[in-house]
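Structure first, commentary second.
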Amino acid sequence: MIDSNLLLDQPDAVVAALARKGVSSETVLSARQALIQRRSILSEVEGLRAEMNRRSKQVGKLISSGDPSAEQERLALADLKSRIAEKEAELREAEKNSRSHLLMLPNLPSPEAPEGLDESCNVILRVEGPPADRFNPADYRPHWEIAAALGIYDPERAAKLSGSGFSLLYGDGARLIRALIQFGLDLNRDTYREVLVPHMVRSEVFEGTGHLPKFAEDAYNTTLDDLWLVPTGEVPLTGMHRGELFEADELPKRYMAYSVCFRREAGSAGKDTRGLQRLHEFHKVELVRICTPETVQDEFDGLLADAEKPLQLLELPYRVVDLAAGDLTFSSSRIFDLEVYSPGVDRWLEVSSVGNFTDFQPRRSNIRYRVGSGQTRAPYYLNGSALATPRMWAAVIEHGQRQDGTVELPSALVPYMGGKKVLEPEM
RNA sequence: GGAGACUUCGCCUAGUCUGGUCUAUGGCGCCGCACUGCUAAUGCGGUUGGGGUCUUAAAGCCCCUCCCGGGUUCGAAUCCCGGAGUCUCCGCCA
């Protein structure tokens with residue numbers, strides 16, 4: 001969540017910043033009002049408690065010295081106690097109210113994020129790899145056709161098992177997913193510590209990353225145990241340090257995790273749904289960096305480079321898109337999307353979102369680091385995908401397709417496919 | 001699933017039976033100072049964290065914080081109830 005002191009002290013700055021994300025000034029100011037109210041009740045409660053503590057100690061002394069006025073004072077305190085209880089109930093209400101307001105406010109966009117409320121204002125920074133205009137879409141078939149023809153993709157049986165939005169792969173198709181994951185992990189092994197995370201996490205963890213309370217319908221949960229299925233490895237990688245206090249020299253920390261990702265994709269029905277472009281369940285390698293504000297630019301640049309590496313090594317055309325303030329996700333302040341060009345569908349598909357989340361998530365998750373003596377601050381969190389299947393899978397298949405329906409694999413992947421260079425029809 | 005033990009200020013730990021003097025003990029780590037040519041060692045001092053208030057700032061003062069949430073009491077680390085987690089044993093199980 002955003003810094004409540006910033007909201008209290010500089011409301012105009014917060015209103016202006018969040019307006020760029022399309023948040024109304026009323027929403028921001030009513031959150032501020034709730035904070036002010038909470039603080040004033042808190043002062044009252046603290047005053048009453050101070051009185052209680054002071055007099056209560058005296059009572060103890062009076063009682064032990066056998067003073068006859070002790071009984072009278074004791075009864076007076078019982079009365080004071082009930083007054084405190086009433087005020088405390090008010091305080092709890094005010095705290096709940098201010099917190100729920102605050103939790104609904106998104107992170108402040110970076111001043112450098114392009115202006116604009118939707119994706120039409122995104123800025124294409126660079127286009128890399130083989131020039132996309134070299135591809136004539138008429139010459140390319142979509143990956144689902146190629147894969148089905150090769151006998152490695154079976155949407156009917158996937159639907160029989162789980163409904164639409166799930167995939168079932170055979171043989172080299174299945175192996176190619178694992179090859180990509182292994183490739184993505186190996187590329188980053190020197191920089192990031194690998195973590196194999198749980199795929200189900202508690203509500204608090206979800207709230208810490210900003211997925212709750214606002215986006216409950218985007219995720220799957222288990223009603224019997226109140227656990228949520230992770231939509232990305234970012235969630236457990238960020239939540240694992242919940243409530244912890246780092247020493248400054250422990251930072252930066254860099255983690256990577258392969259994980260299955262579960263997304264309900266509520267509201268995106270019918271959008272990019274053909275083939276494996278948008279699934280409820282997929283596999284991904286995620287990178288997370290935790291650092292101080294002082295080094296965030298270097299860490300961000302490093303993360304971006306790491307996310308681009310697989311696209312380069314797989315010889316895929318891609319572009320880097322600087323998201324407009326209004327197109328940024330809830331918890332982020334700056335995002336560079338990496339989009340791979342898919343000639344079979346003639347579209348640029350997002351394969352990584354490299355984001356700076358500043359101190360938004362650690363503040364929600366109570367993660368801090370020590371600054372000098374007696375001071376703590378929230379560290380900055382960055383994350384991005386190192387390798388997201390199935391879109392990279394689809395891109396590899398579409399780019400490698402040949403006239404005869406076979407698929408030539410990029411040489412970087414060949415070792416991960418047991419030396420196999422070409423996918424040929426199976427069964 | 002059953003039985004038991006446990007959870008204390010970054011880490012380890014005393015305190016809980018017997019409620020108030022716990023403003024929480026000691027060690028490690030960390031910070032400062034002294035000593036030393038430097039390092040190490042040693043000595044002395046400091047060090048829970050969160051919030052409020054005041055202030056240019058600091059200091060001060062106040063509240064909260066002994067896993068979390070309730071309760072009893074004038075007063076709870078300490079007593080009671082509920083929950084979470086860790087460990088041990090038993091049962092079941094890949």
Side-chain angles (χ1 to χ4, degrees), chain A residues 1-10 31-99 101-103 196-208 221-228 236 239-251 253 290 292 359 361-379:
Chain A
M1 68 190 114
I2 65 168
D3 183 351
S4 55
N5 284 324
L6 184 70
L7 178 54
L8 284 167
D9 299 339
Q10 299 178 48
R32 178 165 184 269
Q33 210 47 51
L35 281 174
I36 290 173
Q37 205 203 352
R38 172 193 160 270
R39 199 150 78 168
S40 110
I41 296 173
L42 179 63
S43 282
E44 287 184 63
V45 168
E46 287 190 352
L48 290 171
R49 288 208 273 232
E51 184 185 348
M52 185 71 177
N53 288 342
R54 192 166 40 79
R55 290 169 66 182
S56 189
K57 270 186 186 158
Q58 284 166 1
V59 167
K61 284 181 189 139
L62 291 179
I63 290 174
S64 60
S65 70
D67 192 306
S69 66
E71 183 58 16
Q72 197 188 350
E73 177 67 357
R74 197 178 62 76
L75 291 175
L77 284 187
D79 189 54
L80 174 60
K81 190 178 132 184
S82 67
R83 274 201 291 144
I84 292 179
E86 282 172 35
K87 264 292 165 211
E88 281 176 336
E90 261 181 68
L91 179 62
R92 266 196 300 278
E93 203 48 45
E95 256 161 9
K96 215 171 97 188
N97 184 38
S98 65
R99 183 169 171 81
H101 270 93
L102 220 49
L103 285 175
L196 187 59
V197 294
H199 291 82
M200 297 159 102
V201 300
R202 301 161 174 279
S203 300
E204 308 94 85
V205 176
F206 244 58
E207 188 177 285
N221 73 336
T222 62
T223 51
L224 288 180
D225 298 291
D226 193 29
L227 289 170
W228 296 77
M240 62 190 265
H241 286 304
R242 160 169 268 275
E244 293 183 24
L245 175 61
F246 299 124
E247 298 300 330
D249 61 13
E250 292 179 78
L251 302 178
K253 280 184 178 293
I290 312 170
T292 65
D359 53 2
Q361 292 168 326
R363 197 174 290 111
R364 285 176 164 237
S365 300
N366 189 26
I367 300 169
R368 297 156 302 154
Y369 70 100
R370 218 187 274 282
V371 194
S373 61
Q375 285 248 310
T376 64
R377 257 198 313 205

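Letters A, B, ... are given to chains in the order of the sequence lines, protein chains preceding strands, and every chain is numbered from 1. Quick caveat: nothing in here was measured; it's all calculated off a predicted structure.
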Whole angstrom is fine here: how far is it from [atom1] in [X] over to [atom2] in [N]?
X       : N      : atom1 : atom2 : value
Q72(A)  : C74(B) : CD    : C1'   : 13 Å
R39(A)  : G51(B) : CZ    : P     : 12 Å
D9(A)   : U53(B) : CG    : C1'   : 14 Å
L48(A)  : G75(B) : CG    : P     : 14 Å
L251(A) : G10(B) : CG    : P     : 17 Å
L62(A)  : G75(B) : CG    : C1'   : 13 Å
L75(A)  : G75(B) : CG    : P     : 12 Å
L35(A)  : G52(B) : CG    : C1'   : 14 Å

- request: Give the minimum heavy-atom separation between K87(A) and I41(A), together with the two atoms involved.
  value: O-CG2, 4.1 Å
task: List the atom of R364(A), the atom of L103(A), and the distance in Å for their closest heavy-atom pair.
output: NH2-O, 2.6 Å
With [atom1] as the reference atom in both, quote the distance from [N] to [M] in angstrom, rounded to an integer.
N      : M      : atom1 : value
G27(B) : U47(B) : P     : 14 Å
A77(B) : C67(B) : P     : 10 Å
U78(B) : C66(B) : P     : 8 Å
A57(B) : C64(B) : C1'   : 26 Å
G75(B) : G19(B) : P     : 16 Å
A5(B)  : C93(B) : C1'   : 25 Å
A24(B) : G46(B) : P     : 13 Å
C30(B) : U36(B) : C1'   : 22 Å

side-chain contact (heavy atoms from CB on, under 4.5 Å) with [X]: which residues, sequence neighbours excluded?
X       : result
S82(A)  : D79(A)
T292(A) : L251(A), E294(A), T295(A), Y369(A)
S203(A) : L212(A), D226(A), W228(A)
R363(A) : M1(A), D3(A), D359(A)

Go ahead and name the base partner of [N]; Watson-Crick or wobble counts if both distances stay under 3.5 Å, otherwise write none.
N      : result
U73(B) : none
U7(B)  : A84(B)
U55(B) : none
C44(B) : G32(B)
U21(B) : none

task: Give a yes or no on whether a salt bridge exists between R74(A) and E71(A), defined as a side-chain N under 4.0 angstrom from a carboxylate O.
output: yes
message: Judged by each residue's nearest nucleotide on RNA chain B, which is more toward the 5′ side, R74(A) or N366(A)?
response: N366(A)
- prompt: So which one's nearest nucleotide on RNA chain B is more toward 5', E247(A) or R92(A)?
  reply: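 Its nucleotide being nearer the 5' end, the pick is E247(A).
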Per-nucleotide protein contact string for nucleotides 56-64 of chain B (B base, S sugar-phosphate only, - none; heavy atom under 4.0 Å): ------BBS
query: Has the side chain of R32(A) got a donor or acceptor atom that lies under 3.5 Å from a matching backbone atom of L7(A)?
result: yes
message: Side chain of R202(A) only, heavy atoms from C-beta on: which candidate in G70(B), G49(B), G85(B) is closest?
response: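 The answer is G85(B), which lies nearest to the side chain.
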message: Side chain of L245(A), heavy atoms from C-beta onward: which of G52(B), G10(B), C74(B) has the nearest atom to it?
response: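 Looking only at side-chain atoms, L245(A) lies closest to G10(B).
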When you check the phosphate oxygens OP1 and OP2 of [N], does a side-chain N or O of [X] lie under 4.0 Å from one of them?
X       : N      : answer
R55(A)  : C74(B) : no
R370(A) : U47(B) : no
R38(A)  : G52(B) : no

task: State which residues pass salt bridge (Lys or Arg N to Asp or Glu O under 4.0 Å) with E86(A); sequence neighbours excluded, sorted by chain then number.
output: none
Test salt bridge (Lys or Arg N to Asp or Glu O under 4.0 Å) applied to E207(A) - qualifying residues, sequence neighbours left out: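 Partners of E207(A) by the salt bridge (Lys or Arg N to Asp or Glu O under 4.0 Å) criterion, ordered by chain and then number, come out as R99(A).
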field: Test item: L80(A) and R55(A) side chains (from C-beta on) under 4.5 Å apart, heavy atoms
entry: yes
What N/O pairs connect the protein and nucleotides 16-23 of chain B at under 3.5 Å? Give each pair on its own line.
residue	atom	partner	partner atom	Å
G20(B)	N2	S56(A)	O	3.0

task: Would you please name every residue forming a side chain to side chain donor-acceptor pair (under 3.5 Å) with Q72(A), sequence neighbours left out?
output: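 Partners of Q72(A) by the side chain to side chain donor-acceptor pair (under 3.5 Å) criterion come out as none, since no residue qualifies.
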